Amino acid sequence: MYSLLPSGSLPTGEGGGRGLVFSMKILILGAGKMGSFFIDTLSFEHEVGVFEKNPQRLRYTYNCQRFTELEEIREFAPELVINAATVKYTIPAFQEVLPYLPESCILSDISSVKTNLKEYYESTGRRYVSTHPMFGPTFANLNQLSEENAIIISEGDYMGMCFFRDLYSKLGLNIYEYTFDEHDRTVAYSLSIPFVSTFVFAAVMKPQDAPGTTFKRHMRIAKGVLSEDDYLLQEILFNPYTHDQVSEIRDELKELLDIIDHKDADRMKNYLTKIRQHIK
């Protein structure tokens with residue numbers, strides 16, 4: 001029998017610790033890129049099951065139980081659910097499996113968009129924890145995550161937060177704790193700006209026979225961003241805090257265009273000095 005109880009001391013301080021040692025029954029919803037990453041990460045220390053409706057996606061999962069029927073979830077009786085479904089289906093996936101979960105099971109998601117999640121969690125009356133690993137298989141080196149970040153929502157269940165703090169610490173991630181609202185503000189800044197910049201690059205791009213190094217790097221970034229799920233891109237840009245960030249891009253482009261039109265070398269020098277300060 002498994003229990004969400006630590007056998008050692010609880011993690012303390014920013015970034016957590018490494019004293020949380022216990023084994024759990026963990027159900028992962030979805031065997032996509034991030035779902036598979038969590039299966040690989042957790043399956044050697046925990047009893048892991050994965051629920052995936054598309055059997056094709058289960059071909060490359062290993063060291064875990066594979067479920068395609070809801071009744072199998074009831075028999076598995078997980079203590080923690082990690083919802084790795086795409087953003088569009090995060091809440092629907094919870095709604096589908098909820099009747100088959102033990103009352104004591106902690107709900108969790110790793111969604112990069114938290115819109116309506118707090119309200120949904122509270123409506124269930126269940127324990128929950130929400131986190132956001134701020135990396136993805138598209139760009140990150142999953143074997144070296146020391147330069148990557150993760151957010152843990154501070155409004156969640158205490159023991160659930162301890163579990164993810166311990167997990168992310170072991171992965172070498174830099175951990176930050178925000179409320180749901182603070183998370184959405186952070187995402188609006190850290191994701192909407194590079195996403196919109198990439199969209200603009202792709203919108204005006206023309207094929208080149210001999211592209212330079214900088215062009216090729218931007219092209220790789222653009223292909224990576226645009227390979228993301230359309231709904232994810234949409235929800236990040238529809239974040240209520242995104243508008244102000246995009247407006248700043250528009251204002252900066254307007255200023256830069258005016259400098260270019262007037263071929264004003266002094267203003268150009270001052271502008272470059274200003275923006276170099278931003279990336280120190």
Side-chain angles (χ1 to χ4, degrees), residues 1-11 15-54 57-68 72-86 89-90 93-94 97 100-102 104-112 126-137 140-146 148-153 156-175:
M1 191 70 175
Y2 296 83
S3 175
L4 188 54
L5 292 173
S7 61
S9 59
L10 293 176
R18 298 177 185 271
L20 203 60
V21 182
F22 53 86
S23 183
M24 298 175 63
K25 276 190 173 183
I26 300 174
L27 176 68
I28 295 172
L29 303 181
K33 293 177 181 178
M34 288 304 292
S36 297
F37 170 76
F38 274 89
I39 293 169
D40 293 345
T41 301
L42 295 168
S43 61
F44 289 98
E45 294 184 10
H46 303 274
E47 186 176 354
V48 173
V50 55
F51 177 68
E52 171 60 65
K53 290 183 177 180
N54 182 357
R57 285 189 164 186
L58 296 174
R59 289 181 301 173
Y60 304 111
T61 57
Y62 67 99
N63 202 34
C64 66
Q65 298 185 50
R66 308 173 187 182
F67 307 135
T68 57
E72 295 174 297
I73 294 175
R74 193 194 305 278
E75 295 173 10
F76 183 62
E79 295 168 289
L80 172 70
V81 169
I82 299 177
N83 190 335
T86 57
Y89 298 108
T90 300
F94 275 138
V97 303
Y100 300 88
L101 300 175
S104 59
C105 182
I106 298 177
L107 307 179
S108 76
D109 73 274
I110 56 170
S111 176
S112 56
R126 301 252 186 167
R127 299 163 68 192
Y128 68 86
V129 58
S130 185
T131 75
H132 179 187
M134 296 190 70
F135 61 89
N141 178 358
L142 299 183
N143 294 315
Q144 179 55 260
L145 296 173
S146 60
E148 305 294 343
N149 304 314
I151 293 173
I152 297 176
I153 302 300
D157 177 79
Y158 175 72
M159 292 304 298
M161 291 171 60
C162 287
F163 173 84
F164 280 100
R165 194 179 294 120
D166 187 68
L167 172 63
Y168 292 154
S169 293
K170 290 177 179 176
L171 290 173
L173 294 165
N174 302 296
I175 302 171

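All of these numbers come straight from a predicted model, not from anything done at the bench. Computed over heavy atoms, backbone and side chain alike; hydrogens, waters and symmetry mates excluded.
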Those residues that, when tested against F67, pass ring-ring contact (aromatic ring centres under 6.0 Å, His included) (two or more places apart)
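So F67 forms a ring-ring contact (aromatic ring centres under 6.0 Å, His included) with F76.
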
Would a 4.5 Å heavy-atom cut-off, applied to side chains only, mark [X] and [Y] as touching?
| X | Y | value |
| --- | --- | --- |
| F94 | R126 | no |
| C105 | V81 | yes |
| F38 | V50 | no |
| I73 | L101 | yes |
| Y158 | V129 | no |
| L167 | L42 | yes |

Here the pair of heavy atoms bringing T90 nearest to A85 is OG1-O, 3.9 Å

Shortest non-hydrogen pair, I152 vs F164, comes out as CD1-C, 4.0 Å

For E45, the salt bridge (charged side-chain N to carboxylate O under 4.0 Å, His left out) test, sequence neighbours excluded, returns K170

Who are the salt bridge (charged side-chain N to carboxylate O under 4.0 Å, His left out) partners of R66, not counting sequence neighbours?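 Not a single residue meets the salt bridge (charged side-chain N to carboxylate O under 4.0 Å, His left out) criterion with R66.
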
Using 0.5 Å steps for rounding, measure from the [atom1] atom of [X] to the [atom2] atom of [Y].
| X | Y | atom1 | atom2 | result |
| --- | --- | --- | --- | --- |
| I151 | I110 | CD1 | CD1 | 13.5 Å |
| I106 | L80 | CD1 | CG | 6.0 Å |
| I39 | L58 | CD1 | CG | 7.5 Å |

Using only atom types and a distance under 3.5 Å, with no angle test, would you say the side chain of [X] pairs donor to acceptor with the backbone of [Y]?
| X | Y | answer |
| --- | --- | --- |
| D157 | R127 | no |
| E52 | A31 | yes |
| D109 | A84 | no |
| E148 | L173 | no |
| S108 | S130 | no |

Item to complete: Run the numbers on F135 and F37 for ring pair (Phe, Tyr, Trp, His ring centres under 6.0 Å), then give the verdict.
Response: CA-CA 11 Å; F135 61 89; F37 170 76; 5.6 Å; yes

